[in-house]
Structure formats: structure tokens, C-alpha cells
**Q** 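Take a look at this one; I'll ask things after.
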Amino acid sequence: MTHQEIYQLAKEWTYEAGEILRKAVTEQLTVEYKTSAADLVTEKDKEIERFFANKINQVFPTHFLLGEEGVQKDQAYQPEEETVWIVDPIDGTTNFVHTKANFSISVAVYVKGEPVIGIIYDVIKDEMFHVLVGAGLYINDRPAETALAEREIEEALICINHLWLAPNPYINEIKMQKMVGDIRGFRCIGSAALELAYVATGRMDGAIFNGLGPWDYAAGYVMLKEQGLVCTTTAGDVINPYQHSPILAASQALHTKILNDYIELKN
Ligand code: IPD
Ligand code: CA
Ligand code: CA
């Protein structure tokens, strides 16, 4: 199958999965803690990941799945040599449980280490961000703008989590506090994937995260790359798409400014 055909199927399956989640928000959910009370998982997270696993295994038995819930975590493979689907079945589970909006399904396909497909679906808004590398980024049926505004720091809206403004083990909070004082505003939507899609489409100007899983950023990374935006670790290094990573995404000028003036990593 061509990449275009895989892309079409991936979108169809994501819409189907979205339908399941739209129904689920009206039903009683079973919520469990993963590592803490701030780290939730529901039976729907697992069901949606299983849904993708079944589809992929049926249609693409030679492809692999790297999913947050690890429904196929026992597969042994070299990701750089294979076709890998990187899936977050619900990104923003806390929103899914509490506010019942602002959560997404994130699906990426990487072929031999190269980003090829990125899909981020805001289920409640029925808004799908999607890209096949080289064919442009779309919001539903509409091509996303490509000439995004290059904003100065004082005009910028940046996605960051409140945790990085308070004492924390990763990043100098004093410099982060200075940054939020200098910019126009900061936002935390609560779905890292959606936040990256927003940067890729110019709704936000940048995003900073300290510890994302591949499923959180893989699809967003494809979109940012397609748009000519920069996405690195918070040290400015190239990302390994199959590993947990801190992430800094922005336009080239803003990325350099944030990296130089506001990010100091703790070690
Ligand atoms: C989380 C969300 C959240 C981000 C966390 C992620 P989950 O994903 O993307 O916005 O701050 O780091 O783990 O657990 O809801 O899939
Ligand atoms: Ca996630
Ligand atoms: Ca998740």
C-alpha cells in the first residue's frame, strides 16, 4: 500500500475511534490512577488502543504499534528499520474525565525512522489536524496556513504547564517566570498533542514540555516539520521519536530566543 492509502485508512480509523469517545463522554467511566492521582487512565484509553492494534494487525501485519497503554508492548523490533504506528488513544485523559472536552486522539506513522503521517483529532470539536509529509497540513478539509506570523516574544502565546513555574527538578522556574512575564500570555490546554497541533497551525506560537512520551508528540512533530517550524528537546537537541523527551516547539526565531534567554535545565 502507498503512504497515501495508509494515510486515508489512518484518518478513517481515527474518526471511528472518535465516535466511540464521543459516546463515552455521556456514559459512566471507570477511572483508575496510574502512577498518582494526577495520572489517570480509563477503560476507554485501553479500548481505543486495542481498536487501533486490531485494525493495524488485520490490514498491516508487518507494521508495529507503539502505544501509550502498551497493548502490544511485548513486540520486539528495531523501530528505525520498521513501519511504526505511534498512538495516544486519548491525549488529555484528565480533560476526558473532568471537562469532557479538549482531549484528542494522536496517531503518527514513522517509516524507518522518518516521520510520514501525523493525525491529531479533537474529538468533541470534530476538528482533525492531519498531514502526509510533503502533501501539506490540513485542518479538516482546509489547508492550514503555511506563512505563519513570526511573532516577537512580547506578542507570543506559549503553551506551558504550571508545574514549570514552580520549583521542579527539570527546569529553572525563575527563568520560566521571567518568560511568562515577557510574553503576551501562556496557556495549558491539557493535551500536549493538541497544543503541538496549535503551534503547527499558528494558533499558538510555542510550546514547552518537560517529559513527553513518543505518543504525545510524534504526530505533532510531523506537522511542525511540514510547516518548517522547529521541534527539539529543551536542550536544543534532535529528538529520538521512539523515546520519552522534553520538547520545545516554535518558529525558528522564537525557538532560538526561548532556548537562549529562558531555558536553563537543572541536572
Ligand atoms: C498528558 C497530556 C498533558 C501533558 C502530559 C501528558 P495523557 O497525556 O498530554 O497535557 O502535560 O505530560 O502525559 O496522559 O492525558 O495521555
Ligand atoms: Ca498523552
Ligand atoms: Ca493518553
Side-chain angles (χ1 to χ4, degrees), residues 14 17-18 20-21 24-25 29-53 65-73 85-108 118-125 129 157-166 168-171 173 176 180 186-200 203-204 206-224 231 233-234 239 241-249:
T14 306
I20 300 173
L21 291 181
V25 290
L29 295 168
T30 310
V31 183
E32 289 168 25
Y33 294 175
K34 269 177 153 176
T35 53
S36 71
D39 188 8
L40 305 179
V41 65
T42 70
E43 77 274 23
K44 292 293 165 191
D45 297 69
K46 294 168 201 158
E47 180 185 328
I48 297 296
E49 190 168 312
R50 241 179 266 118
F51 167 89
F52 277 100
L65 169 65
L66 176 59
E68 176 168 25
E69 305 311 328
V71 304
Q72 283 192 178
K73 66 177 181 314
W85 293 61
I86 307 178
V87 173
D88 195 336
I90 305 179
D91 185 52
T93 299
T94 308
N95 286 347
F96 176 63
V97 171
H98 282 258
T99 64
K100 307 199 183 298
N102 290 326
F103 58 88
S104 62
I105 300 171
S106 180
V107 177
I119 299 168
I120 297 171
Y121 184 36
D122 181 329
V123 170
I124 299 300
K125 278 198 193 150
F129 303 85
L157 267 188
I158 308 277
C159 289
I160 70 162
N161 189 299
H162 63 286
L163 293 172
W164 322 130
L165 297 171
N168 73 84
Y170 306 110
I171 197 161
E173 63 276 7
M176 285 286 99
V180 298
F186 76 96
R187 300 287 183 269
C188 180
I189 298 164
S191 159
L194 266 187
E195 289 167 343
L196 290 171
Y198 280 18
V199 177
R203 294 180 184 184
M204 297 292 302
I208 301 170
F209 306 95
N210 276 314
L212 295 186
W215 37 83
D216 296 311
Y217 67 77
Y221 182 84
V222 193
M223 296 177 189
L224 292 158
C231 184
T233 70
T234 47
I239 293 162
Y242 309 105
Q243 287 183 1
H244 278 73
S245 181
I247 298 281
L248 169 61

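Both counts, for ligands and for their atoms, begin at 1 and track the order of listing.
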**Q** Using modelled atom types only, decide if a donor and an acceptor are shared between the side chain of E195 and the backbone of G190 within a distance under 3.5 Å.
**A**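 Yes; at least one donor-acceptor contact below 3.5 Å.
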**Q** So I189 and N102, side-chain contact (heavy atoms from CB on, under 4.5 Å) or not? Walk me through it.
**A** CA-CA 7 Å; I189 298 164; N102 290 326; 4.0 Å; yes
**Q** Applying side-chain contact (heavy atoms from CB on, under 4.5 Å) to L21 and V25, what does each step give before you reach the verdict?
**A** CA-CA 6 Å; L21 291 181; V25 290; 6.0 Å; no
**Q** Under 4.0 Å between a Lys/Arg side-chain N and an Asp/Glu carboxylate O for E49 and K46?
**A**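 Looking at E49 and K46, the cut-off is not met.
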**Q** At distances under 3.0 Å, what protein N, O or S atoms surround the Ca ion (ligand 3)?
**A**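 N, O, S partners closer than 3.0 Å: E68 OE1, D88 OD1, I90 O.
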**Q** Is it true that a side-chain atom of S104 and a backbone atom of S106 form a donor plus acceptor pair closer than 3.5 Å?
**A**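 Side chain of S104 to backbone of S106, a donor-acceptor pair under 3.5 Å: no, none is there.
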**Q** Would you please test V87 and W215 for side-chain contact (heavy atoms from CB on, under 4.5 Å) and show each step?
**A** CA-CA 5 Å; V87 173; W215 37 83; 6.0 Å; no
**Q** With a 4.0 Å heavy-atom cut-off, what residues sit around ligand 1?
**A**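 Close residues (ligand 1, cut-off 4.0 Å): E68, D88, I90, D91, G92, T93, N161, G190, S191, A192, L212, D216.
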**Q** With sequence neighbours left out, what residues match K34 under salt bridge (charged side-chain N to carboxylate O under 4.0 Å, His left out)?
**A**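 Partners of K34 under the salt bridge (charged side-chain N to carboxylate O under 4.0 Å, His left out) test: E68, E69.
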**Q** Run F103 and V123 through side-chain contact (heavy atoms from CB on, under 4.5 Å) and show every step you take.
**A** CA-CA 7 Å; F103 58 88; V123 170; 3.7 Å; yes
**Q** Return each pair, listed once, that meets salt bridge (Lys or Arg N to Asp or Glu O under 4.0 Å) where at least one residue sits in residues 85-106; pairs must be two or more places apart or across chains.
**A**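 For residues 85-106, and leaving out neighbouring residues, there are no salt bridge (Lys or Arg N to Asp or Glu O under 4.0 Å) pairs at all.
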